Amino acid sequence: MSKTAKTNRKKMLRRVAAEMGRQKNTVILLVIIISAAKICLSQAPRVAGNITDYLGKMMTEGSADESWFIRQCLLLLFLYFVGYATEFFVTKGMVKISQSFICSLRNQAQKKLNRMHISYLDNHPIGDVLSRLTNDVITLSNGLESTVPSLAGQVVLLISLAVSMLITNWKLAIIYLTLIPFGLFLMKVITTKTSGLFKEQSVIVGDMNSLITDTYSNHTLMKAYSCEEEKLQAFEERNTKFRKAYVKSRFLSGLVLPLSILVNNGTYVCLCILGGVLLLNGKMTTGCFLAFILYGNMVATPMTTISNSLNNIQNALAAASRIYDFLDEEEDPLETKESVKPLADVKGEVSFEHVVFGYTPDHILMKDVSIKAPKGSFSAIVGPSGAGKTTLVNLLLRFYEINNGTIRLDETDTMDLSKADLRKNFGMVLQDTWIFDGTIADNIRYGKPDATPDEIEEAAKKAQCHDFISRLSEGYDTHISEEHIGLSAGEKQLIAIARTILADPKILILDEATSQVDTRTEYRIVKAMEELTKGRTTFMIAHRLFTIRNADQIMYMENGDILEVGNHEALMKKNGRYAAMYNT
Ligand code: ADP
């Protein structure tokens, strides 16, 4: 394992311990209880040995102290009972602690998802994020539950067994005490190797999840382009990589049990030889020999459990590091300035003044963009793919911050506004309509949670979707979702338009919403759009130029800059890039 990996592992261990530290007292209590139980357990062989010696003495000498005998038997029973029964309560306690930690971690991750900077979501596959928030959280949870007190208990058991053995017979104890560290060393070597493999597995699972999500959500597209073979091959590659990493890690961790049994049995053979000699020479009692045989049986358990726990810890730490990497990602800072201005009576005028922007500092996309969209105007943004149309919208909504220049809403610099205040004024209808799991009414109500059923219906009427909603057997209470097949793409778009009409924003961003529907639905969408854009400042990212001939201004973009601005007639007369694009 590299030095950085080791440091990372230590850092992660400290971090998880610190997070668990909030429940420190309970964890300490559990550790004390399990340690006490294990100490009891380690005393059992000595008591069993005493009983055997007593029985031997009784048979040779004939005298019997029945009450001592019964007390010792009860003590033995008590030691075994305490030793094993407490395990149940400790496990229960640990499950509670780790689940409350995991529950808060899930909440943190969910909150983080909402606050995450948009660039993270733009640049990370959804499957990988999902894998961190589900698989890795479960792995961490399993690791925590099965590890902390159990590891502490087993370490205490191992130590107290060693001490008891030394007290009982130091010569025989030496055999164990030299072979146990050897066994532990072997396990350490193995767990170090498996730790890297566990992390690799988590990464591959994330990769596989991304591919599955991608393939599933774009399955029509994939079929249309006959990419099944290619996707299958990509999946098989990842699957094989995972299989190899899994088999290797399982092979190594599978070595642990037989190895520890082998070490233990070797110890056992040495014990029989030396013990037999001592016994035959009268230097050791039968009870003492029996006690050592029992110690021999008991010592294997903590060794195996410790090594399993170490494996689980490695696995859990690998998962924790992926979760914390996600939690440590840069957040979208809510405000860049300490004091933000309140915004009242927005008219809806938008202007860009000498805006400079690049997604990365070394690649400036917009060198100097200045535009003005008066209140209630309709601006169309056109240009080839990758020209910067979406970027313009990203900047307007402050998903990304500009490097230089000013973007104003009415007269106010948007940097002086809180992002929430700013975004409240915008409504969006995009090509990929977003429908969430819920009723149609819930979907329309999204931008105005307190809307009455009448308001919802009115918005739906304006958006030309009231008729088809009324024809559904459950009307506005019909349950719909992204994958709902009962609604066409156009109908979903009309619902999205109704949602925006109800939210009543001052400024609209439309991503040519009519491009994937039939002519009749397109007609309804155009009508709904007319209603929607009435009196609102509108920006439309347009792909089919004939739909924007009536726009107040058309902005032609290329390589991040706006090269031409004007209405359709003016730009056609200019016979520049827009005209060329229009004519083709
Ligand atoms: P359009 O919407 O006109 O197709 P975009 O605004 O999406 O174009 O993209 C403009 C340029 O910025 C492209 O070169 C694109 O690769 C780049 N780009 C877009 N989004 C990001 C991002 N999140 N991070 C880095 N570069 C990006």
Side-chain angles (χ1 to χ4, degrees), residues 112-129 210 213-214 217-218 221 325-326 329-333 336 350 352 354-371 373 378-405 407 414 419 423 426-434 493 507-516 538-548 551 553-566 571 576-582 584:
K112 181 80 189 184
L113 204 56
N114 292 337
R115 292 195 306 254
M116 192 63 103
H117 195 279
I118 198 137
S119 64
Y120 180 89
L121 303 171
D122 278 350
N123 294 312
H124 281 77
I126 177 87
D128 180 60
V129 177
S210 315
T213 331
D214 227 31
S217 48
N218 297 313
L221 198 71
D325 279 352
F326 174 79
E329 277 296 331
E330 191 195 339
E331 287 184 7
D332 186 9
T336 26
V350 173
F352 278 53
H354 305 290
V355 168
V356 179
F357 170 74
Y359 283 103
T360 49
D362 53 335
H363 183 242
I364 297 299
L365 180 69
M366 290 187 176
K367 282 130 225 128
D368 181 10
V369 168
S370 295
I371 51 167
F378 188 107
S379 306
I381 314 166
V382 300
S385 184
K389 304 182 288 291
T390 314
T391 307
L392 203 72
V393 171
N394 282 343
L395 297 182
L396 199 52
L397 288 165
R398 277 186 63 196
F399 288 144
Y400 289 87
E401 302 293 9
I402 53 178
N403 301 21
N404 226 326
I407 300 176
T414 52
K419 286 185 184 172
R423 290 173 190 165
F426 287 84
M428 289 173 104
V429 180
L430 304 179
Q431 233 178 53
D432 292 329
T433 319
W434 178 62
Q493 236 156 33
I507 305 159
L508 280 176
I509 290 165
L510 310 176
D511 184 4
E512 188 154 48
T514 56
S515 55
Q516 39 170 285
T538 304
F539 290 90
M540 182 192 254
I541 299 179
H543 306 283
R544 297 179 306 167
L545 302 187
F546 66 87
T547 56
I548 49 150
Q553 61 174 347
I554 297 169
M555 300 179 246
Y556 179 87
M557 292 190 80
E558 227 176 84
N559 299 327
D561 284 318
I562 296 181
L563 302 185
E564 293 173 14
V565 182
L571 291 185
R577 311 234 178 174
Y578 171 77
M581 194 177 182
Y582 187 84
T584 53

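Every heavy atom of this structure was used, including side-chain atoms; hydrogens, water molecules and symmetry mates were not. Counting starts at 1 for both ligands and their atoms, following the listed order. Note that the coordinates shown come from a computational prediction; the quantities given were computed from them, not determined experimentally.
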- Note on the structure: atom 19 (C) of ligand 1 has as its nearest protein heavy atom Y359 CE1, 3.5 Å
- Which atom names give the shortest non-hydrogen contact between P384 and K389, and what distance separates them? O-NZ, 3.0 Å
- Task: Pull out every atom of ligand 1 sitting under 4.0 Å from any heavy atom of D122, numbered as shown with elements.
- Result: 23 (N)
- Query: Which residue supplies the protein heavy atom nearest to atom 23 (N) of ligand 1, what is that atom called, and how far is it?
  - Reply: Y400 OH, 3.1 Å
- Student check: side-chain heavy atoms of T391 and Y359 closer than 4.5 Å: yes
- When distances are taken from atom 2 (O) of ligand 1, the protein heavy atom at minimum range is T390 OG1, 2.4 Å
- Message: With a 4.0 Å cut-off on heavy atoms, is S119 in contact with ligand 1?
- Response: no
- Query: With a 4.0 Å cut-off on heavy atoms, does G383 reach ligand 1?
  - Reply: no
- Closest to atom 4 (O) of ligand 1 among protein heavy atoms sits G386 N, 2.8 Å
- Residues E401, K419: salt bridge by 4.0 Å N-O rule: yes
- Item | Ring centers of F326, Y120 separated by less than 6.0 Å | yes
- Identify which one of E331, E329, E330 satisfies the salt bridge (Lys or Arg N to Asp or Glu O under 4.0 Å) criterion when paired with R115. E331
- What atoms of ligand 1 come within less than 4.0 Å of a heavy atom belonging to L365? 10 (C), 11 (C), 12 (O)
- Query: Under a 4.0 Å heavy-atom limit, does N394 contact ligand 1 with its side chain, its backbone, both, or neither?
  - Reply: neither
- Query: Distance-only, no hydrogens or angles: does the S379 side chain make a donor-acceptor pair with backbone N or O of A373 under 3.5 Å?
  - Reply: no
- Run the ring-centre check on H117 versus Y400 and record whether the distance is less than 6.0 Å. yes
- Message: Test of understanding: with salt bridge (charged side-chain N to carboxylate O under 4.0 Å, His left out), list the residues that count as partners of E558, not counting sequence neighbours.
- Response: R577
- Item | Protein heavy-atom partner closest to atom 9 (O) of ligand 1 - residue, atom, separation in Å | T391 OG1, 3.7 Å
- Would you confirm whether any non-hydrogen atom of the protein falls under 4.0 Å from atom 15 (C) of ligand 1? no
- Task: Name the option, out of H363, K389, M366, that contains the heavy atom nearest to atom 3 (O) of ligand 1.
- Result: K389
